[in-house]
Amino acid sequence: MTSLYWKSFVWFCVSVTLSHPAWSADGITIPAYAPATGVEHGYSVQKATETDMSFWFDKPGASVTVRSAFRQRMTVLSRDENGMRVRWSLSADLPADIAGSPDSYQMNLLYRNSLTAYGTTTLELETELNGHPNTLFGVDQILAHMREMAANGPGGVAAAGASATRASGVDDIISKIEQNPLQIVAALVPEALLLATGQSYQDEVMQIGQALAVSQTEDYGGMDVPVVSTWILESTDAVSRTATLSLSDEFDAAAFSQSQQPAIAKMMMAFPDRVKNLAADQLASVKRASKTRSGKFVVSLDDGSAVEATEIITLTTGGATFRTYTHILRGDMPARLPLPTALTAKDLPTPDLRVEPLPSAKAEPGILDELSTPPAPPTASQETTVAAGNGEAKAIAPVSLKVKSAEIVRSPVSSDQGLNIVLTPESAATFHDFTQAALGRQTQVLINDKVVMEPWMREPIMGDHFVLGGTGGKELEALAEQLRIPEASIVVRLAP
């Protein structure tokens, strides 16, 4: 089976926990993190992501923004001189007091599917004294749940002829989790990581306005990237007994660019015609990558808890820009930090997306629930329709797509080969509608009635072509010959 380079450009990083450095005397004392045990705190969490692909489509406006709003709960179960045991209760439910239309919060639906896939709504963690997770309990149950999905599919019934490919994709995720179980924490409770960044395991004395730079490294795909973090104590509030700190991270440009070359290569393979027409300075810009991260933290002067936090991460790589916004506020505290428009706008332009839920009504810790029972037969609307932009139903699955050309291409920055399939304009529009509707679901691509790949749809595809890769040159050439026949077509459908 081949794999499909849709828009699966993923960057992994391992969080590095820093103890705040010693600050000069005669300043403000920020106490060590010492939360009360047995007390549950609720947190309002808002997130948004912006993806700008205008460069590749040679026009402005090729940008997608999605956002989410959650209510998560955290309890410190116990604490000793070595660390803490913490429970996070997770929910994908949309709060009632959100800004704008509920339809603009597509990430809530994707998060619900994540909870279902992991089979849990609760995570118990062992953390360092500043709250940074270092151990996850119940990993075996979560992995067992995922292996059940790999073997039987989301509905408990394996798709004929497709289970091996599906299992291979899920097994890859399982393998990564086995190597680093804290990837589950990063996926389901990144709030724990962000809050811990603003908390210290010891008392710190800081002066208002003084900046201090701290150096460390972060791992990206096995490559260490130097990062310089600059902390500033901006202000204190005697009434609320809080202090506001700012954080700015700068990543080494050369090392970070080097770490992103595999992802940049895949991006360039997806737009071979555009790459051919790039000027030398444009091509050099595409091959560079950069990342910045900034944040603010409101920290309690009573127990050192981060009660509010914001973070903005900007990643530019392969000619595209990705930006994420996060805001966390503890439920018993008033909001103090300014929020970006992406989190507060009532009329935020968003794509017309539909995410089908995985067939599970609930998920409990370590329990193979409805995912191991056959789902009810899908209704006609679930199987063949989605909401189009004008509110009318539009058939999208399966779709037959006419192929304009199919050529073997080579990555401009590596030796990898791929099959670049260009669709006719009409089929490109149909394909775009399909990928919007199929977000969060597994799909199948068929050539001559044979399933050649089963990609999970992570983002809508806005171009008129895509690249197949991950197989030998002979197999790619055979597929290319089949698609060079006049009126050749491929079929794309939802996986059974």
Side-chain angles (χ1 to χ4, degrees), residues 1-8 149-173 266 269-270 272 356 375 377-378 382-384 395-411 416-424 426-461 463-496:
M1 288 294 177
T2 62
S3 61
L4 180 59
Y5 295 145
W6 291 131
K7 284 192 179 178
S8 55
M149 288 189 63
N152 296 330
V157 179
S163 58
T165 302
R166 178 187 298 113
S168 137
V170 179
D171 284 344
D172 183 56
I173 298 174
K266 291 182 180 181
M269 287 180 67
E356 295 287 350
Q382 289 175 325
E383 185 65 23
T384 62
I396 58 105
V399 290
S400 178
L401 307 174
K402 291 185 178 180
V403 176
K404 182 178 179 181
S405 64
E407 301 294 336
I408 303 294
V409 295
R410 187 178 297 276
S411 168
D416 294 338
Q417 286 187 323
L419 177 60
N420 183 50
I421 298 176
V422 181
L423 304 173
T424 64
E426 296 80 7
S427 289
T430 301
F431 188 45
H432 173 64
D433 290 342
F434 175 87
T435 60
Q436 279 191 328
L439 275 181
R441 302 185 69 178
Q442 189 176 28
T443 62
Q444 293 181 331
V445 178
L446 294 84
I447 298 178
N448 287 345
D449 297 324
K450 178 183 177 182
V451 176
V452 296
M453 69 207 69
E454 292 192 297
W456 286 87
M457 195 58 57
R458 304 306 184 192
E459 294 184 69
I461 297 177
D464 62 354
H465 54 251
F466 53 88
V467 178
L468 310 184
T471 188
K474 291 184 178 180
E475 185 176 349
L476 288 177
E477 186 60 43
L479 292 174
E481 289 297 328
Q482 297 177 51
L483 296 179
R484 288 170 184 154
I485 299 174
E487 299 299 317
S489 65
I490 61 176
V491 173
V492 184
R493 68 187 184 191
L494 297 178

For Gln482, give me all partners under side chain to side chain contact (heavy atoms under 4.5 Å, CB included), at least two apart in sequence or on another chain.
Ile447, Asn448, Leu479
Under the rule for side chain to side chain donor-acceptor pair (under 3.5 Å), what residues qualify as partners of Ser489, not counting sequence neighbours?
none
Atom CD1 of Ile408 and atom CG of Leu476: how far apart are they, to the nearest 0.5 Å?
4.5 Å
Salt bridge or not between Arg484 and Glu477? Use side-chain N to carboxylate O under 4.0 Å.
yes
Option from Val492, Thr424, Leu401, Leu423 for which side-chain contact (heavy atoms from CB on, under 4.5 Å) with Thr430 holds
Leu401
Thr443 vs Phe434 side-chain heavy atoms within contact, under 4.5 Å:
yes
CD on Glu407 to CG on Leu483, rounded to 0.5 Å
10.5 Å
Worked check of side chain to side chain contact (heavy atoms under 4.5 Å, CB included) between Val491 and Val399:
CA-CA 6 Å; Val491 173; Val399 290; over 6 Å; no
